[in-house]
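The structure appears right after this line, and notes come after that.
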Amino acid sequence: MERTLAIIKPDGVSNGLIGEIIKRIEAEGIKIVGMKMLHLDRFKAEGFYYVHRSKPFFNSLIDYMTSGPIVVMVLQAPDVINRWRKLMGATDPKQAEPGTIRAEMGLNIERNVVHGSDSKDSAMYEINYFFKGTELVD
């Protein structure tokens, strides 16, 4: 069994896509073992995206991720990191496979509705960034 972090980003929340995204997650047999809605402040967003600090898009990413509420979830299933990434689609919605969340709901490479951990190490870091172990239900 594996866990990963999923985020419904501000555009997904403001466009009323929470239910549809959760429906797709559950339809894939992926269990949600933790979930909460929050509004990131700049400090929390910068800490989460620290790996991108030196990239030219960092400030616009932080501005975007603090622009409205997000939903953070911990997903659990066998091979869930790869399964969630496949369900999300490519980072750029224009390059995402038809039927994926980003292809159908994303606006552009930055406003692409969802986030998912890209490895076991980043999943562990990202889950612990937003959740205490006692907040997860197995």
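Of the N and O atoms on the side chains of Glu2 and Asn82, not one donor lies less than 3.5 Å from an acceptor on the other residue.
Taking a 6.0 Å sphere around NZ of Lys94, one finds it holds 12 or fewer heavy atoms contributed by other residues, nucleotides or ligands. More than 12 heavy atoms of other residues, nucleotides or ligands shown are found within 6.0 angstrom of CE on Met37.
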How far apart are the C-alpha atoms of Asp121 and Met124, what are their side-chain angles, what is the distance that settles it, and do they pass the side chain to side chain contact (heavy atoms under 4.5 Å, CB included) test? CA-CA 5 Å; Asp121 288 341; Met124 184 182 300; 5.6 Å; no
As a quick check of understanding, evaluate side chain to side chain contact (heavy atoms under 4.5 Å, CB included) for Gln76 and Ile30, giving each step before the final call. CA-CA 6 Å; Gln76 178 176 290; Ile30 297 171; over 6 Å; no
Step-by-step side chain to side chain contact (heavy atoms under 4.5 Å, CB included) determination, Ile32 to Ile25: CA-CA 8 Å; Ile32 299 170; Ile25 290 167; 4.1 Å; yes
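Checking side-chain atoms of Glu46 against main-chain N and O of Phe43 turns up no donor-acceptor pair under 3.5 Å. Of the possible donor and acceptor atoms, one in the side chain of Ser14 sits under 3.5 Å from a partner among the backbone N and O of Pro10. Under a 3.5 Å cut-off, the side chain of Asn112 and the backbone N or O of Thr91 do form a donor-acceptor pair. Not a single donor-acceptor pair under 3.5 Å links the side chain of Arg111 to the backbone N or O of Gly106. No side-chain donor-acceptor contact under 3.5 Å links Arg102 to the backbone of Asp92.
Proximity of Leu136 to Met35: side-chain heavy atoms (C-beta onward) are nowhere separated by under 4.5 Å. Side-chain contact between Asp63 and Arg42 is present, with heavy atoms from C-beta onward closer than 4.5 Å. A heavy-atom distance below 4.5 Å is not found between the side chains of Glu104 and Pro93. Counting heavy atoms from C-beta outward, Ile101 and Arg24 have side chains that approach closer than 4.5 Å. Annotation: side chain of Glu97 is not in contact with side chain of Lys86 (no heavy-atom distance under 4.5 Å). Asp41 places none of its side-chain heavy atoms less than 4.5 Å from the side chain of Thr66.
Hydrophobic clustering, with ILVMFWY side chains joined whenever heavy atoms are under 4.5 angstrom apart, groups Val71 together with Met88. Leu5 and Ile21 fall into different hydrophobic clusters, where Ile, Leu, Val, Met, Phe, Trp and Tyr are joined by side-chain heavy atoms under 4.5 Å apart, directly or via other members. Residue Ile18 is not grouped with residue Leu40 when hydrophobic side chains (ILVMFWY) are merged at heavy-atom distances under 4.5 angstrom, including chains of intermediate members. Val51 and Tyr64 fall within the same hydrophobic cluster, where Ile, Leu, Val, Met, Phe, Trp and Tyr residues are linked whenever their side-chain heavy atoms come under 4.5 Å apart, directly or through other members. Under the 4.5 Å side-chain heavy-atom criterion for grouping Ile, Leu, Val, Met, Phe, Trp and Tyr, Val80 is connected to Met73 within one hydrophobic cluster.
Between Glu26 and Lys31 there is no salt bridge, since no side-chain N of the basic residue sits under 4.0 Å from a carboxylate O of the acidic one. Between Lys9 and Glu110 there is no salt bridge, since none of the side-chain N atoms of the basic residue sits less than 4.0 Å from a carboxylate O of the acidic one.
Side-chain rings of Tyr50 and Phe58 stay apart, their centers remaining 6.0 Å or farther from each other.
The CH2 atom of Trp84 sits 6.5 Å away from the CG atom of Leu75 when rounded to the nearest 0.5 Å. The CG atom of Leu17 sits 12.5 Å away from the NZ atom of Lys23 when rounded to the nearest 0.5 Å. Note that CZ of Arg53 is 10.5 Å distant from CG of Asn59, once rounded to the nearest 0.5 Å. A distance of 4.5 Å separates CE of Met65 from CD1 of Ile70, quoted to the nearest 0.5 Å. If you take CD1 on Ile8 and CD1 on Ile22, they are separated by 5.0 Å, rounding to the nearest 0.5 Å. Note: Ser119 OG to Glu126 CD = 8.0 Å, rounded to the nearest 0.5 Å.
Between Gly116 and Arg85, the shortest heavy-atom distance links the atoms O-NH1, 2.9 Å. Residues Ala123 and Ser117 come closest through the heavy atom pair CA-OG, 3.3 Å.
The side-chain tip of Lys44 points at the ring of Tyr129 from less than 6.0 angstrom away and within 45° of straight on.
Ring planes of Phe130 and Phe48: tilted class, angle from 30 to 60°.
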